[in-house]
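Reminder, nothing fancy here: chain letters follow the sequence lines and each chain counts from 1.
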Number of protein chains: 2
Amino acid sequence: MPAIGEISVRSGVHVETIRYYERIGLMPKPARAANGRRCYDAKAAARLAFIRRARDLGFALADIRALLLLADNKAACRDAHGLATRHRDAIRAKITELKRLERLLSGTTERCARTPAAPCPIIEALTGNAL
Amino acid sequence: MPAIGEISVRSGVHVETIRYYERIGLMPKPARAANGRRCYDAKAAARLAFIRRARDLGFALADIRALLLLADNKAACRDAHGLATRHRDAIRAKITELKRLERLLSGTTERCARTPAAPCPIIEALTGNAL
DNA sequence: CGTAAAACCTGTAGTCGCTACAGGAGCAAG
DNA sequence: CTTGCTCCTGTAGCGACTACAGGTTTTACG
């Protein structure tokens with residue numbers, strides 16, 4: 001039965017994070033060896049891998065909790081689809097917002113590169129003198 | 001002398017947030033009226049507006065602290081430029097990462113829409129059966 | 001066999017940028 | 001006079017970890 005360090009390496013989730021997931025009830029309390037150390041079975045390892053993949057996709061832990069419930073449930077595809085779609089839309093919105101920021105920042109830093117002696121255009125922009 | 005509510009409305013920064021900025025030393029401690037209420041002068045209002053604009057551009061408070069120091073300092077343009085450029089690059093990296101996520105999520109949700117009866121492709125993808 | 005490093009344990013506090021509350025005081029308008 | 005607004009202080013909560021402190025046990029090496 002693998003210890004916490006082994007499933008940490010296998011899943012790519014830090015040991016402390018696994019313990020954190022247990023504390024908040026996202027991972028079940030594992031069996032313990034005689035010496036008190038955590039022993040994980042295949043089911044727990046699979047659950048952790050699932051969480052890891054969902055985190056990589058940017059799902060919040062609350063969403064992952066819901067997805068894990070759906071995973072045991074047949075015919076929950078509609079719910080999963082809704083969750084994933086909402087998440088995708090949130091990502092799209094964030095991309096749009098960041099692109100806007102990037103444009104603004106690029107404009108300012110570029111002006112700055114062109115006029116190296118004048119009053120700093122970045123500071124000026126933030127001061128509101130010429131936004 | 002404007003009270004906290006007024007500069008809150010004028011700057012678009014919540015009252016609690018202004019007090020929070022004061023607590024962490026980002027805003028100076030303002031003068032107080034006889035009744036103990038905060039009174040802000042034009043300089044404080046300008047500083048708050050500066051912070052607000054920098055926050056809108058996604059700068060972290062630590063960066064804003066640095067920018068505010070630079071704002072008083074002539075010939076700090078190079079420093080400001082470096083800070084802004086690093087921030088812009090971080091935003092670009094985040095956009096790239098989010099686009100990758102968006103592609104992955106779009107693929108999965110699309111498969112899900114096409115096969116409404118089969119085992120949910122979203123759950124399958126996260127389970128690792130067919131990533 | 002001794003010892004030192006590595007892995008494990010629990011529990012708590014810190015990160016960031018707020019936000020929300022508890023519990024109160026003061027002030028203006030109807 | 002009472003209602004409702006703004007203001008005050010102080011503290012706790014969010015999300016998702018991360019980093020200790022202070023301990024035990026296991027493993028590896030000489």
Side-chain angles (χ1 to χ4, degrees), chain A residues 1-27 29-40 44 47-48 50-68 83 86-87 90-91 94 97-98 101, chain B residues 1-27 29-40 44 47-48 50-68 83 86-87 90-91 94 97-98 101:
Chain A
M1 292 279 257
I4 197 169
E6 199 183 322
I7 66 155
S8 166
V9 171
R10 256 159 43 190
S11 64
V13 179
H14 290 169
V15 167
E16 302 89 338
T17 306
I18 298 171
R19 285 197 283 248
Y20 166 71
Y21 287 165
E22 181 184 330
R23 201 161 66 240
I24 64 170
L26 190 59
M27 284 293 288
K29 299 197 175 193
R32 298 288 184 138
N35 54 18
R37 301 192 171 187
R38 292 169 176 82
C39 296
Y40 292 92
R47 189 181 174 93
L48 189 57
F50 184 103
I51 294 170
R52 172 67 208 269
R53 287 190 203 98
R55 283 296 297 140
D56 281 352
L57 289 172
F59 282 99
L61 294 188
D63 286 349
I64 296 174
R65 227 181 267 263
L67 285 170
L68 280 162
L83 229 162
R86 273 196 299 283
H87 181 48
I91 288 174
K94 197 147 212 168
E97 168 67 5
L98 286 179
L101 289 192
Chain B
M1 293 280 254
I4 196 169
E6 200 182 321
I7 66 154
S8 165
V9 170
R10 254 157 47 188
S11 64
V13 179
H14 290 170
V15 167
E16 301 90 338
T17 306
I18 298 172
R19 285 198 283 248
Y20 166 71
Y21 286 164
E22 181 184 330
R23 201 161 67 240
I24 64 170
L26 191 60
M27 285 293 288
K29 299 197 174 192
R32 298 287 184 137
N35 54 16
R37 301 190 173 190
R38 291 169 177 82
C39 295
Y40 292 91
R47 190 181 173 93
L48 189 57
F50 184 104
I51 295 170
R52 172 68 208 269
R53 287 191 202 97
R55 284 295 297 142
D56 282 351
L57 288 173
F59 283 99
L61 294 187
D63 285 350
I64 296 174
R65 227 181 268 263
L67 285 170
L68 280 162
L83 229 162
R86 275 195 299 283
H87 181 49
I91 288 175
K94 197 146 213 170
E97 168 67 5
L98 285 178
L101 289 192

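- For B:R52, the salt bridge (charged side-chain N to carboxylate O under 4.0 Å, His left out) partners are B:D56, not counting sequence neighbours.
- With sequence neighbours left out, B:Y20 forms a side chain to side chain contact (heavy atoms under 4.5 Å, CB included) with B:R23, B:I24, B:L61.
- Contact between the side-chain N/O atoms of A:H14 and the OP1/OP2 oxygens of D:dC17 is not found at any separation under 4.0 Å.
- Applying the 4.0 Å criterion to OP1 and OP2 of D:dG15, one finds that A:R65 has every side-chain N and O outside that range.
- Between the C1' atom of D:dA16 and the CG atom of A:D63 lies a distance of 13 Å, rounded to the nearest Å.
- Although no hydrogens or angles enter the test, the distance criterion places no donor-acceptor pair under 3.5 Å between the side chain of A:R53 and the main chain of A:L57.
- Mapping heavy-atom proximity under 4.0 Å, the span of DNA chain C touched by chain A runs 5' to 3' from C:dA7 to C:dT10.
- Minimum heavy-atom separation, B:M27 to B:I51: SD-CD1, 3.7 Å.
- When the side-chain nitrogen and oxygen atoms of A:R52 are compared with OP1 and OP2 of D:dA16, none of them lie within a distance under 4.0 Å.
- Applying the side chain to side chain donor-acceptor pair (under 3.5 Å) test to every pair with at least one member in residues 2-17 of chain A, sequence neighbours left out, gives these pairs: A:E6-A:R10.
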Extract from the structure each pairing of a protein N or O with an N or O of nucleotides 3-6 of chain D at less than 3.5 Å, listing the distance.
unit_1, atom_1, unit_2, atom_2, d
D:dT6, O2, B:R37, NH2, 3.1

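- Side-chain contact between A:F59 and A:H87 is present, with at least one heavy-atom pair separated by less than 4.5 Å.
- When side chains are defined from C-beta on, B:Y21 counts as touching B:V13, because their heavy atoms get closer than 4.5 Å.
- Residues satisfying the ring pair (Phe, Tyr, Trp, His ring centres under 6.0 Å) test with B:F50, not counting sequence neighbours, are none.
- Rounded to an integer number of Å, the gap from A:N35 CG to D:dT27 C1' is 13 Å.
- Annotation: side chain to side chain contact (heavy atoms under 4.5 Å, CB included) contacts of A:A33 (sequence neighbours excluded): A:N35, A:C39.
- Remark: B:R32 pairs with B:E22, B:R38 by the side chain to side chain contact (heavy atoms under 4.5 Å, CB included) rule, at least two apart or across chains.
- Legend: residues meeting side chain to side chain contact (heavy atoms under 4.5 Å, CB included) with B:A90, ordered by chain and number and at least two apart, are absent.
- Scanning residues 19-27 of chain B for heavy-atom distances under 4.0 Å to DNA chain D yields B:R19.
- One atom, CD1 of A:I18, and another, C1' of D:dT18, lie 14 Å apart when rounded to the nearest Å.
- Between D:dA16 and A:T17, no contact under 4.0 Å exists linking OP1 or OP2 to a side-chain N or O.
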